[in-house]
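When a ligand or atom number is given, it counts from 1 through the structure's own listing order.
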Amino acid sequence: MTQQNVVASKTKSVAQKPQGYIPIPRRRVLKNLEINGGQRINAWVDSMRASSPTRVKSTSSLAEEHSSWILRHPSALDMFEQIMDASKGKQIVMFLDYDGTLSPIVDDPDRAFMSDSMRKTVRKLARYFPTAIVTGRCRDKVYNFVRLAELYYAGSHGMDIQGPTTDPKYNKDKGEAVLFQPASEFVPMIDEVYHQLVEKMKSIPGARVENNKFCVSVHFRCVDEKKWNELAQQVRSVLKEYPKLRLNQGRKVLEIRPSIKWDKGKALEFLLESLGFANCNDVFPVYIGDDKTDEDAFKKLKDRGQGLGILVSKFPKDTTASYSLQEPNEASDGFPSTFGGLETSISQTPSTFPSVIK
Ligand SMILES: O=P(O)(O)OC[C@H]1O[C@H](O[C@H]2O[C@H](CO)[C@@H](O)[C@H](O)[C@H]2O)[C@H](O)[C@@H](O)[C@@H]1O
């Protein structure tokens, strides 16, 4: 299938129902919201609470839960030898989520900076392995945080994919090396919704709306929990006019995006195909992420029976990832001794981005 055909076939699916990755089916969310400010909207707010816990469990029950969870999802740092063995003779491809993985979670989304040491680690990784950032953020914004031109970037939950601008073959058109944008027709709609949400959120102290180009984030991290109900109703009042959009929840954020069959897992698959690893057993993709949306990528790896997923989380969470890391710093400090350490253990030539983007 040619690139154009791929684009055309993905675009055709715009009107179809989303499949596969909706933690909160839109129909259910809307049903929950139907009784004006009544009981059902509470169900949605409960779901916001559940996905953004604000109350800490007792230390002993947490410790118990954690030790049983860690048996099922051991630390990636402790599993270095096993990871090495599994990847032997294969091309490692790195996929990295941004918020909560490369940068710590902070109150102000515009200040989620990546540390210099993390940047150094990612630069080092990219010298040895094709490396992609896969994020809910707008691609330009995440690029401004990461500032490494040698990476692939999949912004807006994978709906905006760009190749390394250091590579002349991606850089023919004045630096815009866009490979795939399956939701491009939604840009005006997303923009419209963004402006409406900005207006609505003016009455809710602490709420923030972020335009991620192909999707919109409504942040409630700094909103008093008593106001979550009102925030949910306001978002609902906008969303009900846009049946082609749907809703997801992340870490204290509501994410509105096009109802197309596309997610971080599909983006991972697209990048692997583009790199020439479509039907290849000699590839070892590693995906590191912290959020629900990363589960689509973990699941994709499991379905392909290739590589591994690493969940960054201090707390036990339902996940398809095989391994875990506790926090972004652990990833940064750990990389040089784990994946970065591979440079001394394998005989791969640096800077060998496959020249096979089709
Ligand atoms: O896929 P990701 O790279 O993890 O992006 C998901 C969302 O991340 C950002 O929000 C999260 O991080 C913020 C900064 O630490 C934090 O304030 C917020 O509460 C988190 O949800 C980003 O701002 C969103 O647009 C992304 O969708």
Side-chain angles (χ1 to χ4, degrees), residues 21 23-24 47-54 94-115 118 122 131-146 151-161 183 190 193-194 197-198 201 204 206-225 228 231 235 245-258 262-268 287-298 309-314 317 319 321 325 327-329 331:
Y21 87 23
I24 307 165
S47 158
M48 284 159 77
R49 283 200 192 99
S51 66
S52 317
T54 50
M94 294 297 302
F95 296 92
L96 306 167
D97 167 55
Y98 185 75
D99 289 278
T101 299
L102 296 183
S103 69
I105 293 292
V106 293
D107 283 351
D108 181 351
D110 291 342
R111 301 191 61 78
F113 301 116
M114 179 178 172
S115 68
M118 182 65 90
V122 176
T131 299
I133 305 291
V134 186
T135 175
R137 296 266 189 176
C138 164
R139 179 165 53 79
D140 289 347
K141 200 163 182 179
V142 85
Y143 183 83
N144 286 334
F145 283 136
V146 178
L151 308 184
Y152 292 81
Y153 288 86
S156 307
H157 294 290
M159 290 181 280
D160 191 7
I161 302 183
I190 290 290
V193 166
Y194 165 74
L197 287 168
V198 168
M201 291 303 124
I204 301 181
R208 266 183 97 129
V209 190
E210 194 180 4
N211 189 341
N212 286 330
K213 191 167 177 180
F214 297 96
C215 44
V216 181
S217 295
V218 179
H219 292 275
F220 56 94
R221 180 167 297 278
C222 299
V223 175
D224 188 325
E225 209 175 316
W228 287 9
L231 181 139
V235 172
L245 300 181
R246 63 192 165 105
L247 186 79
N248 274 79
Q249 284 187 22
R251 298 178 69 170
K252 296 205 176 148
V253 69
L254 300 178
E255 294 179 314
I256 291 138
R257 57 162 108 172
W262 198 259
D263 56 38
K264 288 182 172 184
K266 296 264 187 191
L268 175 147
Y287 189 102
I288 310 183
D290 73 313
D291 208 349
K292 273 190 191 161
T293 57
D294 300 308
E295 291 296 330
D296 299 312
F298 296 148
I310 301 175
L311 178 74
V312 181
S313 179
K314 275 197 172 126
K317 276 185 190 171
T319 182
L325 285 170
E327 50 188 273
N329 275 350

| said: For ligand 1, which is the ligand I care about here, please tell me if Gly136 has any N or O atom under 3.5 Å from one of the ligand's N or O atoms. | reply: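 So ligand 1 has an N or O lying under 3.5 Å from an N or O of Gly136.
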| Would you say ligand 1 has an N or O under 3.5 Å from any N or O of Ser217? |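 It does: an N or O of Ser217 is found under 3.5 Å from an N or O of ligand 1.
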Please write down residue, atom name and distance for the protein heavy atom closest to [atom].
atom                    : answer
atom 10 (O) of ligand 1 : His219 CE1, 3.5 Å
atom 25 (O) of ligand 1 : Glu210 OE1, 2.6 Å
atom 3 (O) of ligand 1  : Thr135 OG1, 2.7 Å
atom 20 (C) of ligand 1 : Arg251 O, 3.3 Å
atom 8 (O) of ligand 1  : Asp99 OD2, 3.1 Å
atom 14 (C) of ligand 1 : Val106 O, 3.4 Å
atom 27 (O) of ligand 1 : Glu255 OE2, 2.3 Å

Closest heavy-atom contact between [X] and [Y]?
X      : Y      : value
Phe214 : Ala183 : CD2-O, 3.5 Å
His219 : Pro109 : NE2-CG, 3.6 Å
Val235 : Met201 : CG2-CE, 3.8 Å
Thr101 : Met118 : O-CE, 3.6 Å

| field | Region of Thr101 engaging ligand 1 - heavy atom pairs below 4.0 Å | value |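 Neither part.
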| message | Below 4.0 Å, non-hydrogen atoms only: which portion of Pro104 touches ligand 1? Side chain, backbone, both or neither. | response |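 Answer for Pro104: backbone.
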Atoms of ligand 1, numbered as shown, that sit under 4.0 Å from any heavy atom of [X]:
X      : answer
Arg221 : 16 (C), 17 (O), 18 (C), 19 (O)
Pro109 : 14 (C), 23 (O)
Lys264 : 1 (O), 2 (P)
Tyr98  : 3 (O)

| Under 30°, 30 to 60°, or over 60°: which ring-plane class applies to Tyr98 and Phe145, parallel, tilted or perpendicular? |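 Answer is parallel, since the angle falls under 30°.
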| message | Students often mix this up, so state it plainly: with edges at 30° and 60°, are the rings of Phe220 and Trp228 parallel, tilted or perpendicular? | response |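 Taking Trp228 first and then Phe220, their aromatic rings stand perpendicular (interplane angle over 60°).
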Under 3.5 Å: donor-acceptor pair, side chain of [X], backbone of [Y]:
X      : Y      : result
Asn144 : Lys141 : no
Asp291 : Asp294 : no
Lys213 : Met159 : no
Ser156 : Cys215 : no

| field | Test applied, side-chain contact (heavy atoms from CB on, under 4.5 Å); reference residue, Leu254; option that passes from Asn248, Val218, Leu197, Val216 | value |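 It is Val218; the other options fail the test.
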| said: Please state which option from Val253, Ile105, Val209 has its nearest heavy atom closest to atom 11 (C) of ligand 1. | reply: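 Among Val253, Ile105, Val209, the closest heavy atom to atom 11 (C) of ligand 1 belongs to Ile105.
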| Candidate with minimal heavy-atom separation from atom 2 (P) of ligand 1, of Asn211, Asp97, Asp107 |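 Result: the heavy atom closest to atom 2 (P) of ligand 1 is in Asp97.
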| With a 4.0 Å cut-off on heavy atoms, is Arg111 touching ligand 1? |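 False for this residue.
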